[in-house]
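A, B, ... follow the sequence lines: proteins, then strands. Residue 1 opens every chain. What you see below is based on every heavy atom in this structure, not just the backbone, and it leaves out hydrogens, waters and symmetry mates.
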2 protein chains.
Amino acid sequence: MSRDGRSGTEGVGPEELWLRPGEPRRGRRPSFSREAITAAAVALADAQGLEVVTMRRVAAEVGAGVMSLYSYAPDKDTLLELMVDHVTGELAVTDPPSGDWRADLKTVARLQRAHMLRHPWLPAALLTHRVPGPNTLAFLEHVLAVLRPSRLDGAAKLEVFAQLTAFVTGHVSHEIAQAAVSRSPERTAAEARYLAAVAADGSHPQLAEALSAPRRPLSPDATFTRFLNRLIDGLDTD
Amino acid sequence: MSRDGRSGTEGVGPEELWLRPGEPRRGRRPSFSREAITAAAVALADAQGLEVVTMRRVAAEVGAGVMSLYSYAPDKDTLLELMVDHVTGELAVTDPPSGDWRADLKTVARLQRAHMLRHPWLPAALLTHRVPGPNTLAFLEHVLAVLRPSRLDGAAKLEVFAQLTAFVTGHVSHEIAQAAVSRSPERTAAEARYLAAVAADGSHPQLAEALSAPRRPLSPDATFTRFLNRLIDGLDTD
DNA sequence: TCTATTCCCGTACTACGTACGAGAATAGAG
DNA sequence: CTCTATTCTCGTACGTAGTACGGGAATAGA
């Protein structure tokens with residue numbers, strides 16, 4: 001049996017993964033640690049994107065043989081799960097809620113956005129359902145505390161948390177994709193030429209008109225805040 | 001040179017991919033078609049998820065050799081792009097805008113949600129930036145027409161379109177992930193046990209309280225509508 | 001009929017996730 | 001100290017990806 005509590009034939013359950021620390025006080029001592037491996041994987045993803053996070057690459061980064069990783073996580077998907085919870089640790093908030101839960105919620109959302117922009121692989125990693133690890137639970141706990149003064153019941157609070165995260169994820173995904181294009185003048189120009197060509201042939205009058213406007217910049221930051229305000233200010237009011 | 005206009009060393013640009021039809025009136029006649037290949041890939045993804053959409057599998061489905069696909073799309077990523085635009089064809093709306101642009105916009109969003117639920121691989125495919133193909137452009141054109149009566153300027157209209165899509169994508173991603181868990185009683189039970197254990201140890205009082213509530217169902221449909229209304233009703237008002 | 005062009009696709013290369021199992025290190029029992 | 005059970009390490013190897021390459025088949029105009 002390996003370091004995690006994996007045993008049966010089905011995938012690792014949240015209980016095996018997150019609960020019960022290690023009791024093995026015999027046999028060879030581990031040369032690495034889940035922490036170190038996870039951190040290395042996160043560093044890789046931050047620097048070069050999720051696609052370079054391969055078992056071989058992570059192992060090399062840590063100085064381990066490839067197969068050694070499997071003593072710390074049963075498969076790559078689980079490693080991703082560990083990565084997500086790892087970075088969620090950065091969202092730890094110690095300030096107690098101010099009492100103005102709407103303002104606090106906006107702060108939370110802004111934190112999440114900044115967080116995802118710092119770890120641009122997060123939206124993709126969050127696409128498939130993840131069981132909340134300790135850091136994610138701590139963050140959830142904080143959001144629930146923020147929502148305490150609201151009139152929402154338990155289920156609604158959890159729903160607000162999920163929806164807010166979904167909103168931020170959707171927004172940031174788009175923001176990141178956009179930024180990726182902007183980073184390449186080549187692609188930006190090609191896309192502009194393409195859209196201009198489409199607008200020019202007369203079949204898309206509305207698009208032509210929208211594109212002909214002066215095209216002021218519209219900072220992503222301001223846009224995010226605007227939509228966020230819409231969403232939150234209406235919460236609790238029906 | 002192959003069927004698409006690919007030539008240089010950089011990736012396919014939108015112009016090569018979407019504009020100019022085929023002029024090749026010589027040489028062997030194509031045995032397949034971009035349409036058929038794309039449709040087969042979509043059918044696969046709909047039925048069994050994006051991960052079974054491999055070049056080998058699609059080729060087999062169509063009755064082609066694997067490498068033949070590369071005459072119709074320069075790489076797998078482009079095939080994904082074709083798939084996205086292909087299904088976006090289903091979003092073609094012929095009804096003219098009613099004049100109540102908020103109501104129309106809500107209709108559009110509901111259409112998008114239904115669409116993504118029917119093609120659950122869409123959120124993942126939309127994560128990386130896609131240049132809008134003809135069907136996507138037609139849909140965009142419709143949304144812009146819907147927004148005509150609003151006071152928003154061109155850039156703002158485009159922004160609303162992007163944000164709305166991002167919102168729906170975020171929401172549906174979460175909805176799909178949730179549904180995936182619910183489909184397995186095994187996983188659902190494991191997760192419930194895990195959360196109960198976490199709540200029981202006293203370190204997460206807010207979570208414990210939220211979980212102790214009667215847990216009424218909260219249909220995803222109603223939740224979506226509620227948040228959507230928040231977002232749209234506030235649009236144009238500042 | 002010849003030739004240029006276009007498409008078809010078998011072979012093969014690299015890179016991935018990971019199953020298997022042999023060997024190394026360690027802790028307790030005798 | 002020695003023996004043994006346990007735990008971790010990792011080389012090898014298998015199956016499956018995406019796709020580069022290039023030879024052969026089909027077609028259209030000369």
Side-chain angles (χ1 to χ4, degrees), chain A residues 1-12 20-37 41 44-45 48-83 128, chain B residues 1-12 20-37 41 44-45 48-83 128:
Chain A
M1 186 103 106
S2 58
R3 185 142 200 78
D4 54 274
R6 186 159 173 41
S7 58
T9 75
E10 85 289 349
V12 237
R20 56 169 140 245
E23 71 262 45
R25 268 274 135 271
R26 241 165 79 185
R28 185 173 179 165
R29 232 123 14 117
S31 310
F32 315 101
S33 75
R34 196 175 259 194
E35 261 289 303
I37 291 169
L44 269 179
Q48 312 188 47
L50 252 198
E51 63 279 0
V52 313
V53 179
T54 66
M55 299 306 265
R56 290 169 220 264
R57 190 73 201 281
V58 172
E61 217 69 27
V62 155
V66 190
M67 292 312 291
S68 299
L69 299 191
Y70 290 88
S71 297
Y72 299 87
D75 53 31
K76 195 193 174 183
D77 210 60
T78 304
L79 178 56
L80 245 167
E81 196 144 343
L82 294 172
M83 290 170 65
T128 107
Chain B
M1 187 105 106
S2 57
R3 185 143 198 76
D4 54 274
R6 187 160 173 38
S7 58
T9 75
E10 85 289 351
V12 238
R20 57 169 143 242
E23 71 261 43
R25 267 276 129 273
R26 240 164 83 182
R28 184 173 179 165
R29 233 129 5 125
S31 309
F32 314 103
S33 76
R34 195 174 261 192
E35 261 288 303
I37 291 170
L44 269 179
Q48 312 188 49
L50 252 198
E51 64 278 1
V52 313
V53 179
T54 68
M55 298 307 265
R56 291 168 219 267
R57 190 72 203 281
V58 172
E61 216 69 28
V62 156
V66 191
M67 291 314 290
S68 300
L69 298 191
Y70 289 88
S71 298
Y72 299 88
D75 54 31
K76 195 192 176 184
D77 210 61
T78 304
L79 178 55
L80 244 168
E81 196 144 343
L82 294 172
M83 290 171 65
T128 108

| Counting only side-chain N and O atoms of Ser68(A), is one of them less than 4.0 Å from OP1 or OP2 of dC10(D)? | yes

| request: Select one nucleotide: of dC7(C), dA12(C), dC16(C), the one nearest the side-chain heavy atoms of Pro30(B). | output: dC7(C)

| query | Atom NZ of Lys76(B) and atom CG of Leu82(B): how far apart are they, to the nearest 0.5 Å? | reply | 13.5 Å

| Between dC2(C) (P) and Arg26(B) (CZ): distance, integer Å | 17 Å

| message | From CE of Met55(A) over to P of dT12(D), roughly how many Å is that when rounded to an integer? | response | 19 Å

| Phe32(B) has an atom CZ; how far is it from atom C1' of dC7(C), in whole Å? | 10 Å

| note | Atom CD1 of Ile37(A) and atom C1' of dT9(D) are separated, to the nearest Å, by 11 Å

| When the distance from CZ of Arg57(A) to P of dT14(C) is rounded to whole Å, what number comes out? | 19 Å

| Main-chain N/O of Phe32(A) paired with Tyr72(A) side-chain donor or acceptor, under 3.5 Å | yes

| message | Between Gly27(A) and Gly27(B), which residue's closest nucleotide on DNA chain D lies nearer the 5′ terminus? | response | Gly27(A)

| request: Pick base, sugar-phosphate or nothing for Ala64(A), based on heavy-atom distances below 4.0 Å to the nucleic acid. | output: sugar-phosphate

| query | So, is Tyr70(B) near the phosphate of dC21(D), with a side-chain N or O under 4.0 Å from OP1 or OP2? | reply | no

| field | Nearest-Å distance for atom pair CG/P, residues Asp75(B) and dA17(D) | value | 17 Å

| remark: For dG21(C), the nucleotide meeting Watson-Crick or G-U wobble distances (both under 3.5 Å) is dC10(D)

| Looking at Ser31(B), does any N or O in its side chain come under 4.0 Å of the phosphate oxygens OP1/OP2 on dC8(C)? | yes

| request: Tell me which of Arg29(B) and Glu51(B) sits closer to the 5' end of DNA chain D, going by the nucleotide each one is nearest to. | output: Glu51(B)

| message | Counting only side-chain heavy atoms from C-beta out, which of dA25(C), dA25(D), dC16(C) sits nearest to Arg28(B)? | response | dA25(D)

| task | Round to a whole Å and report the spacing from NZ of Lys76(A) to C1' of dT16(D). | result | 14 Å

| request: Supply the atom-to-atom distance Glu61(B) CD to Leu44(B) CG, rounded to the nearest 0.5 angstrom. | output: 4.5 Å

| note | Met67(A) CE to dA22(C) P, in whole Å, measures 15 Å

| request: Please list, chain by chain and in numerical order, all residues satisfying side chain to side chain donor-acceptor pair (under 3.5 Å) with Thr128(A), sequence neighbours excluded. | output: Arg130(A)

| task | Look up atom CD1 in Ile37(A) and atom OG in Ser68(A), then write down how far apart they are to the nearest 0.5 Å. | result | 8.0 Å

| remark: Which of dC8(C), dT18(C), dT9(D) is nearest the side chain of Ser71(B)? It is dC8(C)

| field | Residue Thr54(B), side-chain heavy atoms: nucleotide from dC16(C), dA17(D), dC7(C) that is nearest | value | dA17(D)

